[in-house]
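First comes the structure, then the notes that go with it.
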Number of protein chains: 2
Amino acid sequence: MDAVTVASGNAGIIANEASANTTQREAEFDELRLSGACDAAAETSAIIRDMLDRVADKWSLLIIGALSEGPRRFSALHKSVPGISQRMLTHTLRNLERDGLVSREVFAEVPPRVEYSVTELGETLIVPVSVLARWAVVNRDTILAHRDLYDARQDAGL
Amino acid sequence: MDAVTVASGNAGIIANEASANTTQREAEFDELRLSGACDAAAETSAIIRDMLDRVADKWSLLIIGALSEGPRRFSALHKSVPGISQRMLTHTLRNLERDGLVSREVFAEVPPRVEYSVTELGETLIVPVSVLARWAVVNRDTILAHRDLYDARQDAGL
DNA sequence: CTGAATCCCATACGATACTG
DNA sequence: CAGTATCGTATGGGATTCAG
């Protein structure tokens with residue numbers, strides 16, 4: 001871990017060089033990061049938590065992932081994201097649209113057709129999501145093994 | 001987006017070169033990815049969702065973040081993660097320990113002392129988390145702006 | 001086809017009080 | 001200090017039904 005540790009809390013974790021997601025807004029980012037370590041730690045934690053609550057729910061990232069390959073209509077998306085209910089697909093798409101991460105285009109046809117696609121802002125999420133998804137796939141077996149081991153020890157300890 | 005798109009679903013999103021998180025397990029990863037596009041799409045989605053459910057809850061990532069700077073004892077962690085209740089701190093730490101992401105060391109002293117630290121496996125999570133945290137901080141304002149705009153249009157549409 | 005509306009359950013989470 | 005136990009609320013999310 002070659003991170004530049006700041007003070008305490010969750011400010012340090014975002015200060016390392018992740019070698020990805022380089023945008024034109026990093027100036028603002030650095031400004032925020034340096035605006036006093038103690039305050040920023042709590043504030044940054046809140047920011048991360050807020051954004052995470054919005055984007056790291058059960059379906060948002062998977063929808064972004066499915067949409068990252070190109071525009072999809074509602075029913076196609078329904079199939080591309082296995083296990084999602086109609087209700088949650090609608091709901092999650094609305095939230096993503098509200099946050100400007102996906103755009104919704106309605107075609108005045110019959111039968112009605114609605115296409116969803118990731119916006120430019122949504123595109124910026126794809127790299128972070130990819131990294132996390134990659135981690136999930138690579139480390140799944142290891143985590144499951146640890147979990148089983150832990151549970152076995154618990155049972156033995158009774 | 002220069003991702004190598006595979007077929008459909010969420011297999012493609014993890015196939016791009018994110019230039020990060022290069023581990024010795026990538027062989028397994030590639031094997032899994034190529035084990036049939038259609039099946040793998042659904043299976044990969046499930047994997048991502050499972051891991052995300054475990055790690056993307058309200059506190060796990062923040063605790064990992066706080067711990068990434070070095071070992072911390074329970075009370076210090078309680079301060080480092082603003083807003084968390086002791087109940088959730090205990091609960092989340094147990095889950096992280098169960099998954100092998102953090103380790104717990106008890107010192108037989110009085111007063112009792114318990115130190116938590118990220119494991120080697122937990123370290124591998126820090127880069128993905130950093131990337132996502134960075135994204136959250138950088139794009140927060142933009143998202144809030146979109147949200148306000150959307151809500152304003154909704155109110156006007158009534 | 002694309003949703004919106006309703007019902008209902010499981011659980012995540014916080015507050016509080018108690019223990020070794 | 002580092003938890004455990006119990007309670008209550010809020011929310012997520014599935015199943016089903018209705019509508020444009």
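Lettering of chains follows the sequences in order, A, B, ..., and the numbering in each one begins at 1.
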### Summary
Those residues at least two apart in sequence (or on a different chain) that pass side chain to side chain donor-acceptor pair (under 3.5 Å) with S85(B) are none

### Task
Indicate yes or no: at least one non-hydrogen side-chain atom of Y116(A) is less than 4.5 angstrom from one of R104(A).
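The answer is yes; the side chains approach within 4.5 Å.
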
### Message
Taking R54(B) first and then D99(B), would you say they form a salt bridge - that is, a charged N and a carboxylate O separated by under 4.0 Å?
### Response
yes

### Task
Examine dT2(C): is either OP1 or OP2 under 4.0 Å from a nitrogen or oxygen in the side chain of S75(A)? Give yes or no.
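Looking at the OP1 and OP2 atoms of dT2(C), one of them is under 4.0 Å from a side-chain N or O of S75(A).
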
### Message
Check the phosphate of dG3(D) against R104(B), side-chain N and O only, distance under 4.0 Å to OP1 or OP2. Yes or no?
### Response
yes

### Message
Once salt bridge (Lys or Arg N to Asp or Glu O under 4.0 Å) is applied, do any residues pair with E105(A), and if so which ones, sequence neighbours excluded?
### Response
none

#### Entry: For D151(A), salt bridge (Lys or Arg N to Asp or Glu O under 4.0 Å) partners two or more places apart
R98(B)

#### Entry: Angle between terminal axes - the helix from dC1(C)-dG20(D) to dG20(C)-dC1(D), 5 pairs each end, rounded to 10°
40°

### Query
Which letters describe nucleotides 10-18 of chain C, given B = protein heavy atom under 4.0 Å from base, S = only from sugar-phosphate, - = neither?
---BBBBB-

### Query
Are there more than 12 heavy atoms of other residues, nucleotides or ligands under 6.0 Å from atom CD of E109(A)?
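Yes, CD of E109(A) has more than 12 neighbouring heavy atoms, counting only those of other groups under 6.0 Å.
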
## Note on the structure
Here the residues of residues 106-117 of chain B within 4.0 Å heavy-atom distance, strictly under, of DNA chain C are P112(B)

### Query
Do the side-chain N and O atoms of S117(B) and S103(B) include a donor-acceptor pair separated by under 3.5 angstrom?
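A donor-acceptor contact under 3.5 Å links the two side chains.
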
### Task
Output the distance between atom CG (D57(A)) and atom CE (M88(A)), rounded to the nearest 0.5 Å.
6.5 Å

